[in-house]
S.K.: 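Got a structure for you, written out below as structure tokens; questions coming shortly.
Counting starts at 1 for both ligands and their atoms, in listed order.
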Amino acid sequence: MSFTKNCLHFIDGQFVESEDGKRFTNVNPATEEEIGWVAEGGKREIDRAVEAARRALKGEWGRYSIRDRIAVVRRIGDLILERKEEFARLESLDTGKPYTLSLNLDIPRAAYNFHFFADYLHSVGTESYQMDAGQLHYAIRRPIGVVGLINPWNLPLLLLTWKMAPALAMGNTVVAKPAELTPMTATLLAEVIKEAGVPDGVVNVVHGFGPNSAGSFLTEHPDVNAISFTGETHTGKIIMAAASKSLKRLSFELGGKNPYIIFEDANLDEVIETTIQSSFSNQGEVCLAGSRIYVQRPIYDQFLERFVERTKQLIVGDPFDPKTNVGALISKEHLERVNGYLDIARNEGRILLGGKRPEGMEKGYYLEPTIVVDLPEQCRVVKEEVFGPVASILPFDTEEEVIARANATEYGLSATIWTNDLRRAHRVAHQIEAGVIWINTWFLRDLRTPFGGMKHSGIGREGGAHSVEFYSELTNITVKL
Ligand code: NAD
Ligand code: 6OD
């Protein structure tokens with residue numbers, strides 16, 4: 001199996017270089033070694049991809065029956081599973097995340113995104129209303145057209161397929177712009193798309209950067225009907241402005257600074273294990289990470305002691321070592337950004353554990369799982385998205401107080417509440433301003449449910465009927481006999 005992969009664009013069913021031959025280098029964050037080159041797309045590549053996608057809407061794909069679409073969407077999922085080790089290897093090479101995580105979470109979930117939406121398509125209907133005799137309204141659903149998919153680097157294949165599967169299921173064509181730091185699994189997905197027999201031009205992948213590059217050319221393109229974007233809130237604002245010129249439909253899944261509330265009656269055994277995951281899995285590079293951990297004061301010391309002990313057991317290291325729990329951060333720049341937050345934490349609070357490069361690891365963008373305490377509520381580490389293996393633990397006294405503190409943020413993506421008091425769990429959940437709330441669990445996903453954030457964490461919801469709604473256009477037809 002290959003440890004390198006050069007990444008070409010996939011336009012109109014062909015793997016191609018950029019017309020001007022531009023390329024950039026792809027680096028393995030765990031070794032700092034080059035692992036291949038990537039074609040760097042610009043306006044010309046986006047134009048060609050959008051033209052191909054628009055043509056494909058009117059071609060064979062546009063005439064596919066629902067049954068044919070279900071079959072091909074399902075087949076893409078099957079082929080991902082057939083090549084899951086190859087996908088997982090490339091995902092870990094690109095991101096630095098543990099191979100076991102890629103193999104057991106990212107890649108199966110990517111396949112399931114296709115399987116789920118293939119199944120879901122069976123039950124997609126529309127509305128019909130009868131008025132007086134002989135008067136009937138009924139709605140028909142059509143694809144919205146060419147959809148631009150722009151993704152971040154933290155869960156590259158999972159998030160790309162989360163958008164691509166419903167877009168294809170609803171009969172659209174797509175132009176995907178993967179994150180520049182993680183181009184490999186999108187390229188392998190293009191191979192799978194070809195193998196699955198998807199007609200040329202239905203799926204296009206253009207590599208490149210964001211500003212003044214493939215990303216912004218895609219969002220500005222007048223023939224793109226919708227953009228589904230996952231990434232930073234700041235980027236979302238830029239994309240919204242660019243997309244406004246041609247009034248594109250937008251779906252935004254943005255950043256989060258998610259409150260994670262532990263009441264004194266919670267089951268601490270469960271809490272500790274899950275909090276390890278919600279803080280440090282994927283190196284903490286998860287938009288849903290429970291990064292503000294509020295612990296009720298009577299159990300604060302006990303929680304801290306047990307959490308520190310359990311965190312010490314985590315193994316940081318080579319993503320391909322099966323014992324590794326925490327891999328490398330995505331890039332040198334990102335590690336520096338996270339270290340910048342740790343400097344603030346040192347000044348305004350206290351680093352209780354971690355906060356430095358693991359001993360003996362000279363290469364790679366590694367950081368020990370880090371626990372921070374004694375931070376003032378207004379500290380930037382409590383307010384801003386750190387997106388690294390850094391857990392801030394904050395004591396609280398009352399329910400009212402913790403709700404107010406949880407909501408005192410511009411973000412509203414997710415929240416977690418730990419308590420055995422049923423009434424309190426629901427009472428608090430109803431008051432927290434977040435699009436996704438977990439009670440006594442974290443990141444338990446069901447793809448039928450609405451997923452997305454409020455406030456600066458996003459616009460719109462995806463998942464199940466919400467994805468169907470986003471990736472299709474309704475026309476109401478009224479008939480009077
Ligand atoms: P980012 O916003 O920097 O980049 C995301 C994508 O947007 C990349 O493909 C990038 O090339 C592209 N891009 C950047 N500038 C652009 C522009 N001006 N026009 C068009 N495209 C542009 O985000 P990132 O650093 O790759 O990812 C981390 C962020 O993503 C975090 O804030 C995280 O919370 C967020 N995220 C959110 C969710 C969610 O579901 N809400 C999921 C994963 C990640
Ligand atoms: O599970 C999902 O569908 C999803 N969109 C997860 C996002 C995770 C953010 O990092």
Side-chain angles (χ1 to χ4, degrees), residues 24 38 40-41 46 95 97 105-106 109-110 112-113 116-117 148-163 165-166 176-183 186 205-221 224 227-243 250-258 278 281-289 291 329-331 333-334 337 384-388 411-414 434-436 442-464 466-467:
F24 61 95
V38 188
E40 181 180 337
I46 290 294
T95 58
K97 71 175 77 186
L105 189 136
D106 294 64
R109 169 61 199 282
Y112 183 56
N113 285 338
F116 170 81
F117 281 104
L149 310 178
I150 304 182
N151 282 103
W153 44 259
N154 64 326
L155 303 169
L157 192 72
L158 188 158
L159 291 174
L160 172 58
T161 54
W162 169 239
K163 299 174 186 309
K177 208 299 279 170
E180 52 272 32
L181 293 170
T182 53
V205 177
V206 178
H207 296 292
F209 296 88
N212 305 313
S213 180
S216 57
F217 294 127
L218 182 58
T219 58
E220 288 161 8
H221 201 294
V224 173
I227 297 280
S228 179
F229 167 73
T230 298
E232 279 196 22
T233 298
H234 174 71
T235 314
K237 291 179 186 173
I238 295 171
I239 291 179
M240 193 167 195
L250 297 173
S251 172
F252 282 173
E253 294 185 357
L254 307 175
K257 187 70 191 178
N258 311 301
S278 64
S281 65
N282 211 52
Q283 300 70 243
E285 296 164 324
V286 182
C287 61
L288 305 161
S291 51
L329 270 65
I330 188 71
S331 66
E333 293 69 29
H334 188 58
R337 183 171 172 269
E384 297 174 16
E385 189 179 36
V386 175
F387 223 58
Y411 292 113
L413 184 57
S414 75
V436 177
W442 176 76
F443 209 169
L444 181 59
R445 294 279 289 116
D446 179 325
L447 305 194
R448 294 169 295 187
T449 59
F451 181 90
M454 56 174 73
K455 293 156 73 174
H456 284 197
S457 287
I459 296 181
R461 299 288 181 274
E462 295 192 21
H466 306 275
S467 296

S.K.: Less than 4.0 Å is my threshold; does some heavy atom of Phe252 fall inside it relative to ligand 1?
M.R.: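 Phe252: no contact with ligand 1 (<4.0 Å).
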S.K.: Sub-3.5 Å donor-acceptor pair from the side chain of Ser457 to the main-chain atoms of Gly412, do we have one?
M.R.: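 Flag set: sc Ser457 to bb Gly412 pair under 3.5 Å.
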S.K.: Do me a favour and list the nearest non-hydrogen protein atom to atom 27 (O) of ligand 1 with residue, atom name and distance?
M.R.: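 Protein heavy atom with the smallest distance to atom 27 (O) of ligand 1: Pro152 CB, 3.2 Å.
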S.K.: Which protein non-hydrogen atom lies closest to atom 24 (P) of ligand 1, naming both residue and atom, and how far is it?
M.R.: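 In this structure, atom 24 (P) of ligand 1 has Trp153 NE1, 3.4 Å as its nearest protein heavy atom.
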S.K.: Check each atom of ligand 1 against the heavy atoms of Phe229 and keep those under 4.0 Å away; list them by number with element.
M.R.: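 Listed by number with element: 2 (O), 5 (C), 6 (C), 7 (O).
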S.K.: Find all atoms of ligand 1 within a distance of less than 4.0 Å from any non-hydrogen atom belonging to Lys177, and give their numbers and elements.
M.R.: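 By the 4.0 Å cutoff, the relevant atoms are 8 (C), 9 (O), 10 (C), 11 (O).
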S.K.: Only heavy atoms of Leu159, strictly under 4.0 Å: list the atoms of ligand 1 that pass.
M.R.: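 Going through ligand 1 atom by atom, the ones under 4.0 Å from Leu159 are 42 (C), 43 (C).
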S.K.: Within a reach of under 6.0 Å around CZ of Arg445, are more than 12 heavy atoms found that belong to other residues, nucleotides or ligands?
M.R.: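 More than 12 within 6.0 Å, yes.
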S.K.: Taking the side chain as C-beta and beyond, is there a heavy-atom pair between Ser291 and Val386 under 4.5 Å?
M.R.: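 No; the side chains remain at least 4.5 Å from each other.
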S.K.: In terms of atom number and element, which parts of ligand 1 are under 4.0 angstrom from non-hydrogen atoms of Ser216?
M.R.: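 Close to Ser216: 19 (N), 20 (C).
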S.K.: When you look for heavy atoms under 4.0 Å from ligand 1, do you find them on the side chain of Pro178, its backbone, both, or neither?
M.R.: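 Looking at Pro178 and ligand 1, just backbone atoms fall under 4.0 Å.
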S.K.: Considering non-hydrogen atoms of the protein only, which is the closest contact for atom 12 (C) of ligand 1, and what is the distance?
M.R.: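 I find the closest protein heavy atom is Ile150 CG2, 3.7 Å.
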S.K.: Considering only non-hydrogen protein atoms, determine which one is nearest to atom 21 (N) of ligand 1 and report residue, atom name and distance to 0.1 Å.
M.R.: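 Going atom by atom, the protein heavy atom closest to atom 21 (N) of ligand 1 ends up being Gly215 CA, 3.6 Å.
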S.K.: Could you state the interatomic distance from CH2 (Trp162) to CZ (Phe451), rounded to the nearest 0.5 Å?
M.R.: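 The distance works out to 7.0 Å.
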S.K.: Please state which protein non-hydrogen atom is closest to atom 28 (C) of ligand 1 and give its distance, to 0.1 Å?
M.R.: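 I find the closest protein heavy atom is Phe387 CE2, 3.7 Å.
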S.K.: Kindly say whether Glu285 contributes a backbone atom to a donor-acceptor pair with the side chain of Asn154 at under 3.5 angstrom?
M.R.: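 Side chain of Asn154 to backbone of Glu285: a pair is present.
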S.K.: If we set the cut-off at 4.0 Å for heavy atoms, which region of Leu413 has an atom near ligand 1: side chain, backbone, both, or neither?
M.R.: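 Under 4.0 Å from ligand 1, Leu413 contributes side-chain atoms alone.
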S.K.: With heavy atoms under 4.0 Å as the rule, classify the contact between Glu385 and ligand 1 as side chain, backbone, both or neither.
M.R.: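 It is the side chain that touches ligand 1; the backbone stays farther off.
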S.K.: Taking both backbone and side-chain atoms of Asn154, is any N or O found less than 3.5 Å from an N or O belonging to ligand 1?
M.R.: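 Not met; the criterion fails.
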S.K.: Would you say Glu180 and ligand 1 have an N/O pair spaced under 3.5 Å apart?
M.R.: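 Min N/O separation from ligand 1 is below 3.5 Å for Glu180.
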S.K.: When you look at Leu254 and His456, which way does the side-chain contact (heavy atoms from CB on, under 4.5 Å) test go after all the steps?
M.R.: CA-CA 7 Å; Leu254 307 175; His456 284 197; 5.9 Å; no
S.K.: Has the side chain of Ser216 got a donor or acceptor atom that lies under 3.5 Å from a matching backbone atom of Asn212?
M.R.: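 Yes, Ser216 side chain to Asn212 backbone: donor-acceptor pair under 3.5 Å.
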S.K.: Taking only heavy atoms of Glu253 into account, list the atoms of ligand 1 that are under 4.0 Å away from them.
M.R.: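 Counting from 1, the qualifying ligand atoms are 37 (C), 38 (C), 39 (C), 40 (O), 41 (N).
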S.K.: Within the distance-only criterion (no hydrogens, no angle test), does the side chain of Ser281 pair as donor or acceptor with the backbone N or O of Ser278 below 3.5 angstrom?
M.R.: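 Side chain of Ser281 to backbone of Ser278, a donor-acceptor pair under 3.5 Å: no, none is there.
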S.K.: Report yes if some N/O of Thr235 lies less than 3.5 Å from some N/O of ligand 1; otherwise report no.
M.R.: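 Yes - when backbone and side-chain N and O of Thr235 are compared with those of ligand 1, one distance drops under 3.5 Å.
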S.K.: Return the residue, atom name and 0.1 Å-rounded distance of the protein heavy atom closest to atom 39 (C) of ligand 1.
M.R.: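 Of the protein heavy atoms, Cys287 SG, 3.2 Å lies nearest.
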S.K.: Please indicate, with yes or no, if any protein heavy atom is found under 4.0 Å from atom 41 (N) of ligand 1?
M.R.: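 Given the 4.0 Å cut-off, atom 41 (N) of ligand 1 counts as touching protein heavy atoms.
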S.K.: Is there a polar contact, in the sense of an N or O pair closer than 3.5 Å, between Thr233 and ligand 1?
M.R.: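 N/O-N/O distance below 3.5 Å does not exist for this pair.
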S.K.: Step by step, work out the side-chain contact (heavy atoms from CB on, under 4.5 Å) result for Leu149 and Lys177.
M.R.: CA-CA 6 Å; Leu149 310 178; Lys177 208 299 279 170; over 6 Å; no
S.K.: Which of these, Gly210, Gly458, Ala179, has its nearest heavy atom closest to atom 13 (N) of ligand 1?
M.R.: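 The nearest heavy atom belongs to Gly210.
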S.K.: Is Thr230 in polar range of ligand 1, meaning some N or O pair under 3.5 Å apart?
M.R.: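 In fact, backbone or side chain, Thr230 has no N or O that close.
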S.K.: Do the side chain of Asp106 and the main chain of Leu157 share a donor and acceptor less than 3.5 angstrom apart?
M.R.: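 No: the side chain of Asp106 does not pair with the backbone of Leu157.
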S.K.: Within the structure provided, determine whether Leu447 and Arg109 are in side-chain contact (heavy-atom separation under 4.5 Å).
M.R.: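 Contact flag for Leu447/Arg109 side chains = yes.
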S.K.: At under 4.0 Å between heavy atoms, which part of Leu254 makes contact with ligand 1: side chain, backbone, both or neither?
M.R.: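 Under 4.0 Å from ligand 1, Leu254 contributes backbone atoms alone.
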S.K.: Which residue is it: Leu155, Leu329, Ile330? I am looking for the one with a side chain to side chain contact (heavy atoms under 4.5 Å, CB included) to Lys97.
M.R.: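 Option passing the side chain to side chain contact (heavy atoms under 4.5 Å, CB included) with Lys97: Leu155.
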S.K.: How about Met454: does its CE atom have over 12 heavy atoms from other parts shown lying under 6.0 Å from it?
M.R.: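 Yes.
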S.K.: Should Thr95 and Thr182 count as side-chain neighbours, where that means a heavy-atom distance under 4.5 Å?
M.R.: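 Thr95 vs Thr182: side chains touch.
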S.K.: Can you name the atoms of ligand 1, numbered from 1 with element, that are less than 4.0 Å from a heavy atom of Ile238?
M.R.: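 Once the distances to Ile238 are compared, the set is 18 (N).
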S.K.: Looking just at side-chain N and O atoms, do Ser251 and Glu462 make a donor-acceptor pair shorter than 3.5 Å?
M.R.: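 Distance-only check passes for Ser251 and Glu462.
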S.K.: Please identify each residue that fulfils side-chain contact (heavy atoms from CB on, under 4.5 Å) with Thr230, with sequence neighbours left out.
M.R.: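 Thr230 satisfies side-chain contact (heavy atoms from CB on, under 4.5 Å) with Asn151, Pro152, Leu159, Lys163, Glu253 once adjacent residues are dropped.
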S.K.: So which protein heavy atom does atom 6 (C) of ligand 1 come closest to, and at what separation?
M.R.: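 Closest protein heavy atom to atom 6 (C) of ligand 1: Asn151 O, 3.3 Å.
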S.K.: Step through it carefully: locate the ring centre of Phe387, locate the ring centre of Trp153, and say whether they are under 6.0 Å apart.
M.R.: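 Judged by ring-centre distance (under 6.0 Å), Phe387 and Trp153 do meet the cut-off.
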S.K.: Any donor-acceptor pair under 3.5 Å linking the side chain of Thr449 with the backbone of Asp446?
M.R.: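 Yes: the side chain of Thr449 pairs with the backbone of Asp446.
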S.K.: Distance under 4.0 Å, heavy atoms only, partner ligand 2: which residues pass?
M.R.: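 Around ligand 2, where the cutoff is 4.0 Å for heavy atoms, the contacting residues are Arg109, Asn154, Leu155, Leu159, Trp162, Glu253, Val286, Cys287, Leu288, Phe443, Arg445, Phe451.
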S.K.: Just which atoms of ligand 1 are under 4.0 Å from any heavy atom in Ile239?
M.R.: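 Those qualifying, in numeric order: 19 (N), 20 (C), 21 (N).
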